[in-house]
Participant: 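Pasting a structure here, questions to come.
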Amino acid sequence: MTSRLAKLIVHDARLQRRYHIYAAYAVVVGLYMAVFHFAGDALPVWVVAVVIASDPSVLGFFFLGGLMLLEKAEMARMALAMTPVSAGDYLIAKTVTLTAIALVAVTLLGIVSPHPLNWPLYLGSVALVSIEFVGIGAAFALRFRTVTGYLIGAGVLLLPAVLPGGFAFLDPMPVWAAALPFAAPLKLMLLSLGAGTASFFDIAVMLAASLAYAAGGFFWGVAALSRELGRK
C-alpha cells in the first residue's frame, strides 16, 4: 500500500467520523443486536439473512453517495483532480473504510445471532457485496446533485439489481441463478446461517459470481470517477 493511499484511507475514516456516520450506524446496529438477542430462536433464519444482506452489507452504497455529494459541495473532489490521486486510489480508500464498517457491524450481529454461523462464508459474502455496492454507489452518485435525491433516486435505480435476489430463497437454488444480480451473495448468506442446501460446486459457482459482480461494480465506479478526476 502506497503512503498516498494510506493517507487517503485515514482521511476518509476521519471524514466519516466528522459526519457522524460511525455514531449513527452504531445506533442502528445496536437496535438490530437487541432484536436478534431478544427474539432468539423465534426469529426465522431468512429474516436474519435479509436484514444483514440488505443493510450492513450494502451500507456503503448509501453512505458513499452522501459522502461524495458532501465532498462535491465542499469542492473536495475538484481539488483532488489537481493532485496525483487517481480514481482507483479514491475508490479503494472509500471501499476499505466502508467495507471495514460493514464487517464490524455484521460481526457484532453474528455474535448475537441465534443461528450457528459459517464465519468464513458469512464474512466473505458480506465483503463481496460491500465492494460491489460501493462501486455502484460511486457511479450513481455522480448523477445526483443532492443527498436526498441520491437516496431516493439511487434506491429506485438499484431495484433491478436487487430483485433477482429472490431466487436465493429457492432450495436448492438453480446453478444458473448465480448469474443473476444479488442472488449468489444472498444465497451464500443464507447458507452461512445454516439455511438451505448447496453442493461444493454450487458454492464455488456462487463465490465466483459474487467475486465477478464485486469486480464489475468496483471497476464501473472507477470508470465513472475517471471522467471527473481524470486518468492518472
Side-chain angles (χ1 to χ4, degrees), residues 21-63 95-134 158 161-215 217:
I21 285 177
Y22 298 149
Y25 209 66
V27 174
V28 174
V29 172
L31 290 173
Y32 283 145
M33 290 176 68
V35 171
F36 285 10
H37 175 72
F38 290 110
D41 293 334
L43 198 63
V45 65
W46 69 267
V47 173
V48 176
V50 168
V51 166
I52 292 172
S54 65
D55 198 339
S57 299
V58 299
L59 73 91
F61 176 83
F62 298 103
F63 284 162
T95 301
V96 168
T97 52
L98 293 171
T99 300
I101 299 172
L103 289 173
V104 170
V106 299
T107 296
L108 294 173
L109 292 175
I111 290 171
V112 299
S113 170
H115 307 287
L117 287 175
N118 179 325
W119 282 97
L121 197 60
Y122 176 73
L123 295 177
S125 60
V126 168
L128 290 172
V129 170
S130 178
I131 293 168
E132 175 187 352
F133 282 89
V134 168
L158 193 62
V162 173
L163 289 178
F167 280 89
F169 295 101
L170 298 177
D171 190 31
M173 185 181 83
V175 177
W176 57 263
L180 299 175
F182 205 53
L186 181 54
K187 186 63 176 181
L188 290 172
M189 180 67 62
L190 287 163
L191 293 170
S192 73
L193 291 163
T197 57
S199 67
F200 178 81
F201 174 77
D202 292 341
I203 293 174
V205 170
M206 287 185 275
L207 284 171
S210 299
L211 182 60
Y213 273 112

Participant: If you look only at pairs with a residue in residues 178-195, which of them pass as a salt bridge (charged side-chain N to carboxylate O under 4.0 Å, His left out), with sequence neighbours excluded?
Facilitator: D171-K187

Participant: Looking at residues at least two apart in the chain, or sitting in another chain, which of them share a side-chain contact (heavy atoms from CB on, under 4.5 Å) with P116?
Facilitator: none

Participant: Between S113 and F36, what is the shortest heavy-atom contact and its length?
Facilitator: CA-CD2, 4.5 Å

Participant: At what distance, to the nearest 0.5 angstrom, does OG1 of T97 lie from CD1 of I21?
Facilitator: 8.5 Å

Participant: Step by step, would you call L186 with F167 a side-chain contact (heavy atoms from CB on, under 4.5 Å)?
Facilitator: CA-CA 9 Å; L186 181 54; F167 280 89; over 6 Å; no

Participant: Any salt bridge (charged side-chain N to carboxylate O under 4.0 Å, His left out) involving residues 118-133? Give me the pairs, sequence neighbours left out, ordered by first then second residue.
Facilitator: none

Participant: Taking the six-membered ring for Trp, are Y213 and F182 ring centroids under 6.0 Å apart?
Facilitator: no

Participant: What pair of heavy atoms forms the shortest contact from A184 to S210, and how long is it?
Facilitator: CB-OG, 3.6 Å

Participant: Report the distance from atom CG of L109 to atom CE of M33, rounding to the nearest 0.5 Å.
Facilitator: 6.5 Å

Participant: With P172, which residues qualify under side-chain contact (heavy atoms from CB on, under 4.5 Å), at least two apart?
Facilitator: T197

Participant: CG/N118 to CG/L123 distance, rounded to the nearest 0.5 angstrom?
Facilitator: 9.5 Å

Participant: Of all the heavy-atom pairs spanning L180 and P164, show the shortest one and how long it is.
Facilitator: CB-CB, 3.9 Å

Participant: Quick check for you: to the nearest 0.5 Å, what is the distance between L211 atom CG and M206 atom CE?
Facilitator: 14.5 Å

Participant: Kindly write out the residues that satisfy side chain to side chain donor-acceptor pair (under 3.5 Å) with S192, not counting sequence neighbours, or none if the list is empty.
Facilitator: none

Participant: Name all residues meeting the side-chain contact (heavy atoms from CB on, under 4.5 Å) criterion together with I111; count only those two or more places apart in sequence or in a different chain, and write none if there are none.
Facilitator: T107, W119

Participant: Any sub-3.5 Å donor-acceptor pair from T99's side-chain atoms to V96's backbone N or O?
Facilitator: no

Participant: Which is it for W46 and L193 under the side-chain contact (heavy atoms from CB on, under 4.5 Å) test, yes or no, and what are the steps along the way?
Facilitator: CA-CA 9 Å; W46 69 267; L193 291 163; over 6 Å; no

Participant: With rounding to the nearest 0.5 Å, note down the distance linking CG in L121 to CD1 in I203.
Facilitator: 6.0 Å

Participant: Which atom names give the shortest non-hydrogen contact between S125 and L188, and what distance separates them?
Facilitator: CB-CB, 3.9 Å

Participant: Using a 3.5 Å distance criterion without hydrogens, assess whether the side chain of Y32 forms a donor-acceptor pair with backbone atoms of V106.
Facilitator: no

Participant: Would you name the heavy atoms of L191 and A198 that are closest together and state the gap between them?
Facilitator: CD1-CB, 3.7 Å

Participant: Taking H115 for its side chain and L43 for its backbone only, find out whether a donor-acceptor pair lies under 3.5 Å.
Facilitator: yes

Participant: Please examine the side chains of F169 and V50, heavy atoms only from C-beta on, and report whether any two atoms are closer than 4.5 Å.
Facilitator: yes

Participant: Can you name the closest pair of heavy atoms from A102 and S130 and give their distance?
Facilitator: CB-OG, 4.3 Å

Participant: Which of these passes side-chain contact (heavy atoms from CB on, under 4.5 Å) with F61: V134, L158, V129, L98?
Facilitator: L158

